[in-house]
There are 2 protein chains.
Amino acid sequence: MAGIKDVAAEAGVSVATVSRVLNDHPSVSPASRARVLAAVAALGYRPNAVARSLRTDQTRTLGLVISDVLNPYFTSLARAVEEEARTLGYSVIIGNADERPELQDHHVRTLLDRRIDGLLVSPTDRGSPLILDAVRAATPLVFVDRWIPGVEVPVVRSDGRAAVRDLVAHLLRIGHRRLAIIAGPATTTTGSERVDAFRTALGEHGVALPDAYIGQGDFQAESGRRAAERFLDLPEPPDAVFAADNLMALGALDAIRARGLSVPDDIALAAFDDIPWFVHTDPPITAIAQPTDELGRAAVRALAERIAGRVPPSVTLPARLVVRRSCGAEFPPAPRRPDPSTPHRSAPNPSART
Amino acid sequence: MAGIKDVAAEAGVSVATVSRVLNDHPSVSPASRARVLAAVAALGYRPNAVARSLRTDQTRTLGLVISDVLNPYFTSLARAVEEEARTLGYSVIIGNADERPELQDHHVRTLLDRRIDGLLVSPTDRGSPLILDAVRAATPLVFVDRWIPGVEVPVVRSDGRAAVRDLVAHLLRIGHRRLAIIAGPATTTTGSERVDAFRTALGEHGVALPDAYIGQGDFQAESGRRAAERFLDLPEPPDAVFAADNLMALGALDAIRARGLSVPDDIALAAFDDIPWFVHTDPPITAIAQPTDELGRAAVRALAERIAGRVPPSVTLPARLVVRRSCGAEFPPAPRRPDPSTPHRSAPNPSART
DNA sequence: ATCCTCCGTGTAATCGATTCCACGAGGAGG
DNA sequence: CCTCCTCGTGGAATCGATTACACGGAGGAT
């Protein structure tokens with residue numbers, strides 16, 4: 001593969017001049033510039049990013065460590081992140097932690113070894129020493145979606161409290177009284193926070209949240225299934241279940257089906273995180289939608305600020321309730337419009353939210 | 001950040017010795033080794049992967065350019081690829097082409113600039129000159145899922161012909177006669193191939209595939225919707241629709257619903273690519289399942305071979321039909337088992353295929 | 001005892017870029 | 001006409017690792 005020296009030889013100038021042309025440094029004569037450019041084209045030269053990074057100590061690369069690639073919420077987050085990063089001239093390397101702290105650490109470590117310019121993390125656990133080290137070493141870092149309490153790092157996330165309150169009100173209004181939640185791991189902020197919000201909202205209506213109605217999940221479908229089964233085995237099973245993420249909702253739906261029960265007639269189901277498929281499940285699932293794209297974009301912008309040495313503020317965006325049929329009919333059940341939404345691509349149609 | 005020189009100083013040896021310890025070269029005395037290791041631990045030293053790559057001319061990194069991150073098929077492929085690569089000591093950088101050739105080229109270019117050791121591509125178009133250049137430059141390359149005809153590159157893919165034949169037989173047996181397909185872009189092999197397989201299978205039963213029954217899609221949900229609408233506007237609409245990927249199936253389902261029609265009573269629906277959500281849609285969708293994990297793994301292994309300078313053979317794995325209710329009841333519709341499958345994680349339960 | 005090996009180690013070149021510094025030419029100002 | 005800038009340019013150091021080569025000392029063979 002041709003190097004800068006070959007280009008210099010071909011153009012009859014020094015490597016310094018070639019480099020200057022490539023980084024469009026002002027002081028190069030138009031003549032030299034033209035010849036260099038010609039040589040570059042002739043040889044099909046492409047600068048070696050590795051060498052460049054070594055010298056300049058920047059890779060123009062961002063790391064993104066997400067909790068689970070198979071979760072549509074995170075993939076759309078990743079997509080937004082990559083998009084915004086690209087417009088800012090960065091590449092993104094994605095690490096998938098699969099909700100496993102060791103894997104998360106593995107990725108953080110390799111990313112750091114590669115000297116990425118900044119890191120976006122949605123931590124799978126509280127307290128990874130690696131991440132703490134990174135913070136201490138002043139690696140530009142921004143938390144997205146989840147965070148680690150007590151660590152001085154900007155957080156870009158969405159606040160579901162209001163939406164959870166809406167959801168609870170919705171459920172109670174319809175007539176559900178025994179509300180249960182399938183929580184995420186307590187080691188994640190989103191895990192504990194959503195339970196808190198749920199409990200608080202219930203409290204405001206004078207409804208208690210018994211321990212038996214708190215299922216312990218790990219944000220994976222399988223755990224949702226198990227938690228739902230445990231609920232159904234209760235002497236007095238809940239009449240509504242709120243899953244703290246979409247995968248656990250899927251598992252719960254599985255479990256409920258397997259018992260031959262019907263959603264929403266026998267039991268209501270709602271989920272945190274809205275995804276395209278929820279429109280098409282049987283029944284369509286009521287969910288709390290996060291502004292995923294905005295989150296991704298805001299996270300990248302915050303990280304870019306940190307890299308530039310500034311101190312960006314944390315960003316909190318609101319989530320909102322999207323009512324569908326899985327909790328029972330509150331509104332006339334007939335589609336107001338024929339539910340054109342697939343909240344998928346930000347395509348022509350401005351996705352039907354309720 | 002501490003460099004190898006700092007470690008050498010701390011351990012009282014030369015950088016050469018440190019390097020030898022790090023790459024566990026045989027000729028280092030146990031004493032030096034111990035002191036170097038101690039110094040490494042004391043300083044929290046981590047070798048700079050950038051510098052190492054520059055010197056050794058290998059990055060231990062693979063590039064993976066997929067067509068669409070929002071498509072669950074590709075994310076599970078990506079997950080399998082990353083997993084296998086990790087066990088082989090490679091990292092993976094994922095580039096999302098979003099089905100757009102320019103974006104695909106953008107990613108191929110940056111990946112090449114980063115001097116990745118090998119590239120896995122699922123090409124969005126026939127003939128990207130960039131990819132052709134890469135082939136000519138002898139960049140280790142393997143196509144996965146899709147490929148570019150006439151290019152001498154190993155291909156790892158799954159052959160859906162048999163499964164498509166099964167599907168067609170299934171549809172005809174149930175009583176459907178007017179079978180239509182929503183195709184992917186003709187510029188992709190999977191786009192044209194699936195149509196061919198479908199047409200051929202129909203031919204074997206003496207059924208024709210009129211042009212009006214071939215919808216042109218682009219593997220995105222929106223295009224599936226439009227194609228389905230066009231079908232429904234036909235004087236004699238099809239009574240069964242086969243979507244060449246899961247996203248277009250989703251769009252088609254949308255469109256059918258929007259007309260107030262029912263699947264499968266008014267029209268049957270089937271899709272290429274099986275995904276967890278298809279178990280839970282209304283109705284559950286009959287699909288052709290690819291062995292995604294095996295594909296990902298095989299692709300990485302083939303690429304590793306190519307990197308090692310050997311010439312791996314192409315790999316073709318069979319896909320198979322998974323019958324669900326979206327084409328009408330052929331078997332007793334009552335769940336044989338309560339359909340425990342979420343073909344998601346390769347979890348304890350060995351996913352229920354029919 | 002002498003010589004040859006082998007072993008452990010260090011010095012320095014190298015990978016491919018960027019960039020500081022010096023230098024010569026040419027133009028402006030005195 | 002001389003001096004001083006400015007501009008364009010090239011030489012060479014540098015980034016942080018790996019590794020070829022040289023070298024001294026210890027141990028074995030003769």
Side-chain angles (χ1 to χ4, degrees), chain A residues 1-37 39-40 43-61 89 91 109-117 137, chain B residues 1-40 43-61 89 91 109-110 112-117 137:
Chain A
M1 190 151 254
I4 197 172
K5 280 199 271 224
D6 305 296
V7 177
E10 173 83 9
V13 297
S14 73
V15 294
T17 300
V18 176
S19 176
R20 281 191 270 258
V21 171
L22 263 30
N23 300 280
D24 42 31
H25 184 92
S27 70
V28 183
S29 72
S32 312
R33 155 164 287 115
R35 293 167 55 209
V36 168
L37 260 17
V40 166
L43 299 174
Y45 167 77
R46 297 248 75 209
N48 183 326
V50 174
R52 190 201 292 260
S53 291
L54 176 60
R55 185 59 235 256
T56 60
D57 198 40
Q58 51 161 340
T59 50
R60 303 245 34 129
T61 301
S91 299
R109 189 160 13 238
T110 40
L111 255 10
L112 257 21
D113 285 354
R114 276 153 193 275
R115 304 300 196 263
I116 45 150
D117 293 343
Chain B
M1 190 153 251
I4 197 173
K5 281 200 272 223
D6 304 297
V7 176
E10 172 84 9
V13 297
S14 74
V15 295
T17 300
V18 175
S19 176
R20 281 191 270 255
V21 172
L22 262 32
N23 299 280
D24 41 32
H25 185 91
S27 71
V28 184
S29 71
S32 312
R33 157 163 285 112
R35 294 168 55 209
V36 168
L37 259 18
V40 164
L43 299 175
Y45 168 76
R46 298 249 74 210
N48 183 328
V50 175
R52 188 202 295 261
S53 292
L54 176 60
R55 185 58 232 261
T56 60
D57 199 40
Q58 51 161 344
T59 50
R60 303 244 35 128
T61 301
S91 300
R109 184 154 24 232
T110 42
L112 257 21
D113 285 354
R114 276 158 193 270
R115 302 302 195 263
I116 45 149
D117 293 343

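Labels below follow one simple rule: chain letters A, B, ... track the order of the sequence lines, proteins then strands, and each chain is numbered from 1. In this text, all values refer to a predicted model and were calculated from it rather than measured experimentally.
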query: What pairs with D6(A) under side-chain contact (heavy atoms from CB on, under 4.5 Å), at least two apart in sequence or on another chain?
result: A2(A), L43(A)

- line: Closest heavy-atom pair, V15(B) versus A8(B), reported as atoms and distance to 0.1 Å, is N-CB, 3.7 Å

field: Given L112(B), T110(B), D113(B), the one that forms side chain to side chain contact (heavy atoms under 4.5 Å, CB included) with R46(A)
entry: D113(B)

statement: Applying the Watson-Crick and G-U criteria (both distances under 3.5 angstrom) with [ ] for crossing and | for other-strand pairs, one obtains for DNA chain C ||||||||||||||||||||||||||||||

- prompt: For the side chain of R115(A) and the backbone of T59(A), is there at least one donor-acceptor N/O pair under 3.5 Å apart?
  reply: no

Would you be so kind as to tabulate the donor-acceptor pairs closer than 3.5 Å made by side chains of residues 27-34 of chain A, with sequence neighbours excluded?
from   : atom 1 : to     : atom 2 : distance (Å)
S29(A) : OG     : S32(A) : N      : 3.2
S29(A) : OG     : S32(A) : OG     : 2.8

message: Return the CZ to CG distance between R55(A) and L54(B), rounded to the nearest 0.5 Å.
response: 12.5 Å

query: Can you list, by residue number, the residues of residues 26-35 of chain B that have a non-hydrogen atom closer than 4.0 angstrom to DNA chain C?
result: S27(B), V28(B), S29(B), S32(B)

query: Taking all atoms of both residues into account, what is the closest heavy-atom pair of Y45(B) and I4(B), and its distance?
result: CE1-N, 3.6 Å

- request: Check whether any side-chain heavy atom of R114(B) sits under 4.5 Å from a side-chain heavy atom of T61(A), and report yes or no.
  value: yes

task: At under 4.0 Å between heavy atoms, which parts of nucleotides 14-21 of chain C does protein reach? Answer with one letter per nucleotide, 5' to 3': B base, S sugar-phosphate only, - none.
output: BBBBBBB-

Just distance, no hydrogens or angles: give the donor-acceptor pairs under 3.5 Å from side chains in residues 16-24 of chain B, sequence neighbours left out.
from   : atom 1 : to     : atom 2 : distance (Å)
S19(B) : OG     : N23(B) : ND2    : 3.3
N23(B) : OD1    : R52(B) : NH1    : 3.3
N23(B) : ND2    : S19(B) : O      : 2.6

Nearest heavy-atom neighbours spanning Q58(A) and S53(A): O-OG, 3.3 Å

